Amino acid sequence: MQNKKDRLVRGTALNGRVRAFAVRTTELTAELQRRHDTYPTATAALGRTVTAAAMMGAMLKGKEMINIQVKGGGPIGQIVAEANAEGEVRGYVQNPHVHLPSNSLGKLDVAGAVGTDGFIHVIKDLGLKEPYRGSVPIVSGELGDDFTYYFAVSEQTNSAVGLGVLVDMDNSVKVAGGFIIQLLPGLSDEEITEIEHNLSSTPSVTALLDQGMEPEEMLRRILPDTEVLDEMEIRFQCHCSREKVEQTLLSLGAYELEQMIEEDGQAEVVCHFCNEAYSFNKAELQEILNQAK
Ligand SMILES: [Zn+2]
């Protein structure tokens, strides 16, 4: 693995008529691979999803948050990713121990693991009374094209989304990252044709990252006149805590807690997002029960 910090750049091109994001998520994906012990195909599916989440998080501001659920009906089950505007990302996959034979292109069979019969759900907490919710059917299962479809249908933005994870021989993450190019109104047909040409002649995200390219260099490969507006660090961050788990136990109510104390004499709660385990012995559960009463 290359020991470079994950970073995201946001830029524009063609006089502001193209909005662009590119990110390296190698460290993030590696951290998730270790925490959840994902097998290569599951690593790629989870890595691609959190990479999209990181860039969609960068489209938010302040305390806004995004939650993405991919439910394609395939063997890995549900993929969940969350990100915020500060570059904090977390995620998990329901069945991490999924690895499939390579597809016809010799690549990790992400579509086979994700499945193609289901939906991508996007929930944005924008600090309003009701969160924004968008859902689109899964069209390819490879995820890049699925997020492209999401932007077209749910956000009425013509986009190109590239997502990639390269897994090494020892199952560790070699590189991961992606880009989102968004075409805004006002582009001429010639400009659109040129962007499409550049997209189709650009090697895969993983090939570019594996050559050591930085996110802005990836963007300039597709949009030569890219102007970088800002950049931010991307990192794994889970917001779970012992206090929050206590609150969850408390919300079960006195009856449930009494049953727990009587039957098990202890409790262990594992955070889905980071796999951290929180243990409570009998005395600690008794204390929570006293609060519940
Ligand atoms: Zn956690």
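On a predicted model such as this, the values are computed, not experimentally measured, just so you know. Note that ligands are numbered from 1 as they come in the structure, with each ligand's atoms numbered from 1 the same way. We number each residue from 1, following the sequence as shown.
Rounded to 10°, the angle that SG of C271 and SG of C238 form at the Zn ion (ligand 1) is 110°. Taking the Zn ion (ligand 1) as the apex, the angle formed with SG of C240 and SG of C274 is 100°, to the nearest 10 degrees.
A cation-pi geometry, defined here as NZ or CZ lying under 6.0 Å from the six-membered ring centre and within 45° of its normal, does not hold between R10 and F21. A cation-pi arrangement is absent between K71 and F119 under the rule of less than 6.0 angstrom and at most 45 degrees off the ring axis. Judged by a 6.0 Å distance limit and a 45° cone about the ring axis, R35 is not positioned over the six-membered ring of Y92.
Residue side and main chain included, H272 places no N/O/S atom under 2.8 Å of the Zn ion (ligand 1). The Zn ion (ligand 1) does not have H239 among its coordinating residues (no N/O/S atom, backbone or side chain, under 2.8 Å).
Using a 3.5 Å distance cut-off with no hydrogens or angles, the side chains of E196 and N198 do not pair a donor with an acceptor.
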